[in-house]
Each structure stands twice: as structure tokens, then as C-alpha cells.
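Report on the following structure.
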Amino acid sequence: MAKAQLLIDLSALQANWRALDALSGPGTETGATVKADGYGLGAGRVAQALAAAGARRFFVALAEEGAAIRAALGAGPAIHVFGGHMAGDAATIAGADLIPMLNSAEQAARHLSSLPGHAYGVQLDTGMNRLGMEASDWAALRGDLLAGLCTMVMSHLACADEPDHPMNARQLAAFHAMTDGITIPRSLSATGGILLGRAYHFDITRPGIGLHGCRPFDTGAKPVRLSLPVVQVRDVGPGETVGYSNTFTANAPLRVATVAAGYADGILRTLSGKATLWHGATPCPLLGRVSMDLLTVDVTGLGHDPETLDLLGPHQDADQLADVAGTIGYEILTGLGARYARVYSD
Ligand SMILES: *Cc1c(COP(=O)(O)O)cnc(C)c1O
């Protein structure tokens with residue numbers, strides 16, 4: 001096997017979706033956020049597995065992503081686009097039957113003029129200052145927008161992964177102030193908000209990272225194993241160096257494996273000299289720099305030459321690797337490279 005393999009357990013994803021669904025009451029519908037190619041795992045297969053588990057509503061960032069989900073799922077499930085209705089998107093939105101979450105007066109005007117009679121949602125800003133209409137825009141437009149084919153009103157929490165952060169209650173209050181009394185379904189929470197409790201659930205939730213068992217839902221199953229093939233193995237003597245810029249020097253005889261994946265595959269270069277790969281339950285330290293297509297790994301402790309080494313798996317999940325790299329599990333997953341063979345099991 002020449003290509004690195006990303007092994008994806010779809011039943012683990014489904015179990016996580018069910019567990020997140022069970023955290024909210026029967027009056028709350030649990031959707032699924034599958035932007036960025038389903039957090040790196042392949043949006044089509046991920047969406048199909050979640051639909052089979054019961055998800056009927058999907059969320060993506062861009063209209064093109066929505067079209068890919070529609071192609072995988074066929075007619076039926078609702079597909080919402082967080083980025084709203086951007087110039088040039090009308091044909092994609094209409095063709096794939098997507099629901100743009102309108103973020104501004106400009107987007108509302110664009111949507112209503114280019115696709116009259118086509119459903120939409122509205123995204124409100126409750127303090128994150130990233131996407132969504134501000135209270136003043138909403139006050140001016142809500143009468144017209146709610147009288148039309150509006151199917152959801154949503155906002156997004158900035159600090160939901162910190163349960164004690166006062167921003168959560170502030171945004172909740174702002175969302176109530178902007179939406180109480182409307183009869184259209186409301187959505188406020190992604191993974192973090194689901195864990196904040198019933199007050200944050202409203203009618204629809206939008207978990208993404210929790211489907212992958214990452215923080216803040218790190219009690220979930222871990223669906224991903226990243227298995228990298230060993231290209232060659234060599235002896236390195238004391239005083240010899242390994243990799244670019246000679247950043248590692250052996251101080252004892254070592255057995256060093258060269259593995260076929262690098263920063264072009266999303267293995268962050270900041271992991272140089274710090275990461276650990278695994279062979280079964282045995283840790284194998286990364287030596288020297290991460291190259292574009294290759295890693296060099298100390299396999300001395302194994303006592304034999306391995307055929308593969310794992311970067312992600314039961315002994316190291318995306319959050320743990322992210323801690324070493326100084327980032328978050330989201331970035332590790334969404335950076336998983338296009339060169340990996342994605343292999344699915346259920
Ligand atoms: C990415 C995103 C989500 C999913 O968030 P997770 O933290 O991955 O659960 C939900 N809603 C919006 C608006 C997002 O941008």
C-alpha cells in the first residue's frame with residue numbers, strides 16, 4: 001500500500017450523532033454540520049452515514065459544498081449554507097435546492113430579487129461579530145423576511161466551549177430579544193451549545209466537531225485512524241543527523257523509518273521534533289523536521305521494522321495531536337490531506 005490511509009469508522013460517527021441527539025429533548029431536531037469536506041473525512045460519505053442515523057438537516061459553509069451534499073443525499077434533507085447567498089450563487093442554490101442563511105440586508109436583497117419563491121433562512125449576529133445581521137438590520141427587515149419563505153432563524157455562540165463564560169448568557173439573552181415571539185424554527189447551538197443545556201437548544205442544533213468525538217464532546221467515539229506507510233528503514237549511528245537542517249542528531253545507534261506523508265498532507269510542520277507516531281500501543285518519536293511528503297521516525301524501540309505507523313488512532317486523537325502542534329482538533333481534522341485514501345467501514 002503506497003498511499004497513506006485514512007480509516008473512517010462511520011458507525012462511530014453515527015453513535016456520536018445519536019449521543020448528541022439524546023442530549024436535547026424531543027422538541028429539538030439535531031442536524032449535522034458537514035462543512036470543510038465533512039471535517040476532512042469526505043462530506044458525501046459522512047452525510048450519507050448521518051442521514052442513515054436519522055439526520056434530516058445538514059449545514060455547510062459554501063453553496064458548492066451544499067451541492068456536493070445534495071449529490072450524495074438526493075432530494076429530501078434540508079441543506080443550509082452558513083455563508084448565505086453570495087453573488088454568483090443563485091444557480092447553485094436553486095439547482096441543488098439549498099437554503100442560504102441570509103447574513104445581511106445586501107444578501108436579503110440579492111436573494112429576494114434573484115430567487116423569489118425560493119426558501120431561505122436568516123443568520124443573526126448576537127455578539128460574535130462574524131456572520132449575521134445586526135439587531136438594527138434585523139429590526140428593519142424582519143417583518144418582510146418573516147412574511148416570506150423563511151424556514152429558520154439562527155445565531156452562533158462564540159464561547160460555547162467554555163461553559164462558565166459570561167458571553168454564553170449574553171448571547172442567549174440577545175437571541176431571545178431578537179427572536180422571541182416568532183413562529184419559525186430557531187437554532188443557536190453547535191456542539192458546545194448542546195452541552196450547555198436545554199436553555200440553549202431551541203428547535204434545531206448544528207453539531208459538527210462532536211460528531212468526531214473531539215472537544216468539547218471528547219467523551220464521544222473516535223472515528224478516525226490515520227495509518228502511514230513506511231517507505232524505508234535504516235540504521236543511524238551516533239553523531240549522524242536526520243532530516244532537513246540537521247535539527248536531530250542521534251546520540252545512540254537508532255533504527256529510523258521514513259514514512260510517506262508530510263506537511264502537504266496536513267501534518268503540520270510545527271510538529272517537527274515533537275510529535276509521536278504509534279505502532280499498536282508502542283510510541284515512536286518523530287525525529288527532526290516534517291518534510292513536504294515524508295516523516296522520519298525512531299522505531300528502535302519496536303525491535304522490528306514496521307510496515308505502517310499511525311499518527312491518529314486509539315492512542316492519539318486529533319485533540320491530543322493538536323495539543324502538541326499548538327492548535328485545535330478542528331484544524332487537524334479539516335487539514336487532513338487530499339492525498340490520503342479514505343477508507344470507510346461501518
Ligand atoms: C462550524 C459551525 C458549526 C459547527 O460547530 P462545531 O463546533 O463543530 O459543532 C455550527 N454552526 C456554525 C455557524 C458554524 O460555523
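Counting starts at 1 for both ligands and their atoms, in listed order.
- Residues satisfying the ring-ring contact (aromatic ring centres under 6.0 Å, His included) criterion with H176, sequence neighbours excluded, are F202.
- In this structure, the side chain of T33 engages the main chain of R206 through a donor-acceptor pair within 3.5 Å.
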Could you list each nitrogen or oxygen of ligand 1 that sits under 3.5 Å from a protein nitrogen or oxygen, with the atom names and the distance?
{"from": "ligand 1", "atom 1": "7 (O)", "to": "Y330", "atom 2": "OH", "distance (Å)": "2.6"}
{"from": "ligand 1", "atom 1": "8 (O)", "to": "Y39", "atom 2": "OH", "distance (Å)": "2.5"}
{"from": "ligand 1", "atom 1": "8 (O)", "to": "I209", "atom 2": "N", "distance (Å)": "2.7"}
{"from": "ligand 1", "atom 1": "9 (O)", "to": "T191", "atom 2": "N", "distance (Å)": "3.0"}
{"from": "ligand 1", "atom 1": "9 (O)", "to": "T191", "atom 2": "OG1", "distance (Å)": "2.5"}
{"from": "ligand 1", "atom 1": "9 (O)", "to": "G208", "atom 2": "N", "distance (Å)": "2.8"}
{"from": "ligand 1", "atom 1": "9 (O)", "to": "I209", "atom 2": "N", "distance (Å)": "3.4"}
{"from": "ligand 1", "atom 1": "11 (N)", "to": "H156", "atom 2": "ND1", "distance (Å)": "3.4"}
{"from": "ligand 1", "atom 1": "11 (N)", "to": "R206", "atom 2": "NE", "distance (Å)": "3.0"}
{"from": "ligand 1", "atom 1": "11 (N)", "to": "R206", "atom 2": "NH2", "distance (Å)": "3.2"}
{"from": "ligand 1", "atom 1": "15 (O)", "to": "K35", "atom 2": "NZ", "distance (Å)": "2.7"}
{"from": "ligand 1", "atom 1": "15 (O)", "to": "R130", "atom 2": "NH2", "distance (Å)": "3.2"}

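- In this view, D310 and R225 satisfy the salt bridge (charged side-chain N to carboxylate O under 4.0 Å, His left out) rule, not counting sequence neighbours.
- Think of L254 as one node in a network of Ile, Leu, Val, Met, Phe, Trp and Tyr side chains linked at under 4.5 Å; its network also takes in V236, V242, F248, V256, L287.
- Judged by the 6.0 Å and 45° rule, R45 forms a cation-pi pair with Y344.
- Ring pair H279/H304 is perpendicular by interplanar angle, where above 60° counts as perpendicular and below 30° as parallel.
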